[in-house]
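Below is one structure, written out as structure tokens; the observations come after it.
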Amino acid sequence: MDITGNELDYISEETEVFTIVTHLIRQKKVVCGLAIIVVQIALERYYSRHESRFTEPNPFQEQIDNINRLVRRSDVTCLEQLRMDRNCFMRLCNLIETVGGLSHSRSVCLEEKVAMFLYTIAHYHKNRVVKHHFFRSGQTVSRHFNDVLRAVIRLQGQLLVKPEPITQACTDDRWKIFQVTFEIEYNCLGALDGTYIDVRVGPSVRPRYRNRKRELAINVLGVCNTDMNIIYVLSGWEGSAADSRILRDAITRTNGLKIPTGLYYLVDAGYTNAEGFLAPYRGKRYHLKEWDGPAPQDHEEYFNMKHAQARNVIERTFGLLKIRWAILRSYSFFPIRTQSRIVTACCLVHNHIRKEMSIVPHEHELDNLEEEDHDDDYIDTVETSGQWIDWRDAFAQHIYQEWQERRGHGGN
């Protein structure tokens with residue numbers, strides 16, 4: 001078959017195009033190959049300069065392993081070291097972050113900050129011991145302790161329990177007797193009392209902090225409900241301050257202790273029997289250890305016995321706080337203002353533990369708790385009234401007659 005001149009020109013054009021395309025492809029391959037070589041050389045230089053970043057271990061690996069051992073592996077370890085189980089701990093961390101406003105920092109996670117705080121108040125080790133335990137510097141431990149302390153104080157609105165009167169559904173024999181429905185109706189909210197926390201202060205202010213036992217301490221007012229949950233705490237008054245003065249300060253503060261009309265707290269004989277504060281009869285048997293002998297002989301003794309059985313809840317609450325938090329049992333090396341905040345923080349975390357844990361640790365240790373000694377000096381806390389005194393007498397006679405009827409002696 002013969003090829004014409006036009007066909008020959010067309011074939012020549014196709015051959016020329018193919019040659020050009022082949023040349024361009026070869027050039028692109030060369031360029032891509034050169035690019036790959038350049039990238040490879042650049043990566044090799046980068047890795048050679050920053051090799052330590054990829055070969056050296058995490059500088060905080062010890063701290064990470066330690067916090068994992070404390071709060072992520074075992075409830076037993078968490079309870080022993082931090083006084084709460086893992087679930088309770090994580091919920092506390094969440095509260096501190098969302099409400100307290102504290103979060104992770106560049107080199108310390110929030111869980112480790114909270115763990116250092118709880119470990120310190122639970123065991124009251126010195127800074128040098130805590131820094132060794134957590135593989136941190138003393139400055140880091142101190143800074144984060146104070147950060148967590150401030151954050152916990154901000155949780156008062158969430159962790160302090162709202163007072164609720166005793167209802168007719170109450171089955172606790174110690175408290176249901178104070179659910180009163182005769183004559184003028186008054187109802188009980190719980191109990192209050194004061195306790196001493198030992199401190200260290202300078203020589204110039206020691207007389208102000210020396211209490212009646214000649215010890216240096218601050219006087220703490222605590223209020224709790226029937227379930228040993230803290231309702232209110234006022235910390236910071238000097239040990240020499242009278243309970244009446246502290247209570248007066250508490251009820252006159254803007255955000256202080258509020259007692260609605262018709263409700264009251266049980267108080268010991270060191271306080272005045274006045275509206276809002278139901279005290280026992282003076283000069284009669286009162287403390288629980290005094291009731292191992294004969295049965296009550298009159299309505300005043302019977303009232304005192306029932307009063308002591310119920311009011312003992314505040315003694316047990318103070319006892320549980322001091323068992324759980326060693327920092328409340330020892331002389332403090334913190335400044336007075338910080339120590340006062342620590343007392344409040346211990347009460348708040350105490351409430352959190354009772355809320356989140358079905359079995360409260362250390363409560364069994366209260367069985368051998370001895371009552372604190374109280375002076376019988378009359379303290380003019382608030383203004384008393386004849387109506388309140390008459391109501392207490394009527395109430396005491398009412399419950400005494402009911403008790404006699406149950407024993408088969410009949411009423412008077």
Side-chain angles (χ1 to χ4, degrees), residues 152-153 156-157 159-163 188-199 208-213 215-260 263-280 307 310-322 324-325 327-329 332 336-351 371-383:
V152 172
I153 295 298
Q156 294 185 61
L159 295 182
L160 286 179
V161 174
K162 301 297 186 294
C188 185
L189 295 171
L192 67 82
D193 201 359
T195 190
Y196 291 117
I197 304 296
D198 294 338
V199 294
R208 291 163 47 195
Y209 288 90
R210 201 174 297 280
N211 59 25
R212 65 174 184 266
K213 300 178 181 178
E215 298 171 345
L216 297 175
I218 56 174
N219 197 343
V220 179
L221 173 67
V223 185
C224 73
N225 64 7
T226 60
D227 294 322
M228 299 174 64
N229 291 305
I230 302 295
I231 295 172
Y232 179 80
V233 59
L234 178 58
S235 175
W237 275 94
E238 301 92 336
S240 62
D243 290 342
S244 59
R245 184 180 180 187
I246 299 173
L247 183 57
R248 190 180 305 115
D249 179 38
I251 62 179
T252 55
R253 291 190 174 208
T254 303
N255 297 318
L257 178 63
K258 304 302 180 184
I259 308 174
L263 300 174
Y264 63 88
Y265 288 101
L266 302 182
V267 299
D268 67 13
Y271 295 89
T272 300
N273 181 55
E275 186 172 358
F277 309 98
L278 185 61
H307 187 286
R311 198 198 65 84
N312 182 252
V313 69
I314 187 64
E315 303 284 0
R316 294 172 62 84
T317 303
F318 284 145
L320 182 57
L321 283 166
K322 292 180 180 180
R324 176 176 288 137
W325 310 119
I327 199 169
L328 302 181
R329 304 194 302 266
S332 171
I336 292 297
R337 184 178 181 182
T338 301
Q339 176 66 2
S340 299
R341 290 180 174 180
I342 290 173
V343 173
T344 302
C346 289
C347 293
L348 295 174
V349 180
H350 162 89
N351 278 5
E371 292 183 278
E372 293 187 10
D373 294 330
H374 297 276
D375 290 340
D376 289 334
D377 296 336
Y378 185 83
I379 299 178
D380 187 14
T381 304
V382 292
E383 194 71 26

CZ on R324 to SG on C346, rounded to 0.5 Å: 10.0 Å

So L266 and C188, do their side chains get closer than 4.5 Å, heavy atoms only? yes

The residue among I314, D193, N351, L192 that forms side-chain contact (heavy atoms from CB on, under 4.5 Å) with C224 is I314

Do F318 and L328 have side chains that get closer than 4.5 Å, going by heavy atoms? no

I231 versus Y265: any side-chain heavy-atom pair under 4.5 Å? yes

Shortest non-hydrogen separation from V313 to A191 and the atoms involved: CG1-CB, 3.9 Å

Heavy-atom closest pair, residues I327 and Q339: O-NE2, 4.0 Å

Is any side-chain heavy atom of P163 closer than 4.5 Å to one of N225? no

Any residue meeting ring-ring contact (aromatic ring centres under 6.0 Å, His included) with H307, in chain and number order, not counting sequence neighbours: Y286, F303

Between the CD1 atom in I246 and the CG atom in L257, the distance rounded to the nearest 0.5 Å is 13.0 Å

Sequence neighbours excluded, the answer for side-chain hydrogen bond (donor to acceptor under 3.5 Å, both in side chains) partners of D198 is none

What pairs meet the side chain to side chain donor-acceptor pair (under 3.5 Å) rule with one or both residues in residues 249-259, with sequence neighbours excluded? W237-D249, D249-R253

With D227, which residues qualify under side-chain hydrogen bond (donor to acceptor under 3.5 Å, both in side chains), at least two apart? none

For residues V220 and L234, determine if any side-chain heavy atom of one lies less than 4.5 Å from a side-chain heavy atom of the other. no

Taking the side chain as every heavy atom from C-beta outward, state whether T195 and K322 have any atom pair closer than 4.5 Å. yes

Measure from the side-chain N and O atoms of R210 to the backbone N and O of L216, and report whether any donor-acceptor pair falls under 3.5 Å. no

How would you list, by chain and number, every residue that makes a side chain to side chain contact (heavy atoms under 4.5 Å, CB included) with Q156, sequence neighbours excluded? I153, L160, T344, L348

Rounded to the nearest 0.5 Å, what separates atom NE2 in H350 from atom CE in M228? 6.0 Å

Kindly determine whether I259 and Y264 satisfy side chain to side chain contact (heavy atoms under 4.5 Å, CB included), including the steps that lead there. CA-CA 7 Å; I259 308 174; Y264 63 88; 5.5 Å; no

Stepwise, does the side chain to side chain contact (heavy atoms under 4.5 Å, CB included) test hold for Y196 with I218? CA-CA 6 Å; Y196 291 117; I218 56 174; over 6 Å; no

Roughly how far apart are K162 NZ and L189 CG, rounded to 0.5 Å? 13.5 Å

Scanning both residues in full, the closest heavy-atom pair of S340 with G236 reads OG-CA, 3.1 Å

Side chain to side chain contact (heavy atoms under 4.5 Å, CB included) against C347, all qualifying residues, sequence neighbours excluded: I230, V233, L321

Considering only heavy atoms from C-beta outward, does the side chain of I251 approach that of Y232 to under 4.5 Å? no

Pair N211-N219, side-chain donor/acceptor within less than 3.5 Å: no

